[in-house]
Amino acid sequence: NCDIVLDGELSAEGLNLKNAYAHDNNISVTGDYAVSLSSNNLLENNELYSDADNALLITGSDNQVIGNTMEARVNYGISIVNGASNNYIYDNTATSSAASISLQQGCEDNEIIKNTLTGAPVFFKSSNNKLYNNYINLRTSVNDFVFIDSLNIWSTTQIIGERVYS
């Protein structure tokens with residue numbers, strides 16, 4: 001296991017983590033992603049910015065993402081891909097000009113709870129993910145949601161406030 005606290009800012013093509021605890025960093029990149037998580041990571045209280053595709057790319061399982069601020073200028077604030085499962089995404093802020101969060105094909109059993117998401121969520125052939133008490137701020141309307149063959153579990157109680165959908 002590895003405990004990572006960077007001194008200052010990281011400007012690179014992205015940080016790849018496995019079995020790591022990364023906290024209290026400011027990571028800004030121009031490449032595909034700011035941080036990529038494979039498996040068994042704790043990412044806590046970081047600021048991630050990507051001038052390209054993804055602020056956070058999750059490709060593996062059993063990761064915890066807690067209290068981070070993530071922004072992607074082009075595609076996804078948080079992108080969960082390659083059948084990633086059993087990830088816990090809690091109390092983060094994710095913003096993108098396109099999609100705040102994306103769950104792609106084969107991603108299952110992820111918990112996405114109490115996040116602030118600005119930009120349309122995208123769900124493509126994902127299932128059994130639990131999305132509870134998230135504040136989703138769409139840029140236009142509820143029609144911004146993209147669901148393609150997805151069966152996920154959403155909370156049914158709306159929190160007081162505007163545009164709360166999960």
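- In this structure E108 satisfies the side-chain hydrogen bond (donor to acceptor under 3.5 Å, both in side chains) test together with S127, sequence neighbours excluded.
- A donor-acceptor distance shorter than 3.5 angstrom exists from the side chain of N129 to the backbone of N110, with no hydrogens or angles considered.
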Please determine whether side chain to side chain contact (heavy atoms under 4.5 Å, CB included) holds for the pair V81 and I58, giving the CA-CA distance in whole Å, both sets of side-chain angles, and the decisive distance to 0.1 Å. CA-CA 6 Å; V81 299; I58 300 175; over 6 Å; no
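- Remark: side-chain polar atoms of N133 are not paired, donor with acceptor, to backbone N or O of K114 under 3.5 angstrom.
- Taken from OG in S38 to CG in N19, the straight-line distance is 7.0 Å, to the nearest 0.5 Å.
- Looking only at distances, no side-chain donor or acceptor of S126 sits under 3.5 Å from a matching main-chain atom of C107.
- Taken to the nearest 0.5 Å, the OG1 atom of T93 stands 9.0 Å off from the CG atom of N68.
- Taking the side-chain hydrogen bond (donor to acceptor under 3.5 Å, both in side chains) definition, one finds that S61 meets it with S85, sequence neighbours left out.
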Go through L15 and Y33 one step at a time and tell me if the side chain to side chain contact (heavy atoms under 4.5 Å, CB included) criterion holds. CA-CA 8 Å; L15 183 62; Y33 53 83; over 6 Å; no
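- Counting all heavy atoms, side chain and backbone alike, M70 lies closest to V65 at CE-CG1, 4.3 Å.
- Listed by first and then second residue, the ring pair (Phe, Tyr, Trp, His ring centres under 6.0 Å) pairs that reach into residues 52-85 come to none, sequence neighbours excluded.
- Interatomic distance, L48 CG to L57 CG, rounded to the nearest 0.5 Å: 11.5 Å.
- Between atom CG of residue L37 and atom NZ of residue K18 there is a gap of 12.5 Å, rounded to the nearest 0.5 Å.
- The two atoms that bring G60 and A84 nearest to each other are O-CB, 3.0 Å, heavy atoms only.
- G77 and A55 make their closest contact through O-CB, 3.3 Å (heavy atoms, listed as atom of the first residue, atom of the second, distance).
- Remark: I66 CD1 to E44 CD distance equals 5.5 Å, nearest 0.5 Å.
- Note on residues 38-67: no pairs pass ring pair (Phe, Tyr, Trp, His ring centres under 6.0 Å), not counting sequence neighbours.
- Among I101, L103, N54, T59, the one residue that satisfies the side chain to side chain contact (heavy atoms under 4.5 Å, CB included) test with S79 is N54.
- Take Q104 and apply the side-chain hydrogen bond (donor to acceptor under 3.5 Å, both in side chains) test, not counting sequence neighbours, and it matches S102.
- Separating the CD1 atom in I27 from the CG atom in L56 is a distance of 10.0 Å, to the nearest 0.5 Å.
- Results of the side chain to side chain contact (heavy atoms under 4.5 Å, CB included) test with I136 over L131, T118, L117 single out L117 as the only residue that passes.
- Heavy atoms only, all atoms of each residue included: N75 and A98 are closest at O-CB, 3.3 Å.
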Please test D62 against S39 for side chain to side chain contact (heavy atoms under 4.5 Å, CB included), starting from the C-alpha separation and ending with a verdict. CA-CA 6 Å; D62 301 312; S39 296; 5.7 Å; no
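- Donor-acceptor pairing under 3.5 Å is lacking for the side chains of D109 and N86.
- Each of N92, T116, N115 was evaluated against N134; a single residue qualifies, N115, per the side-chain hydrogen bond (donor to acceptor under 3.5 Å, both in side chains) test.
- For A34 against S50, the heavy-atom pair with the smallest separation is N-CB, 4.4 Å.
- Listed by first and then second residue, the ring pair (Phe, Tyr, Trp, His ring centres under 6.0 Å) pairs that reach into residues 80-116 are Y88-Y90, sequence neighbours excluded.
- Of all heavy-atom pairs between A72 and D53, the closest is CB-O, 3.5 Å.
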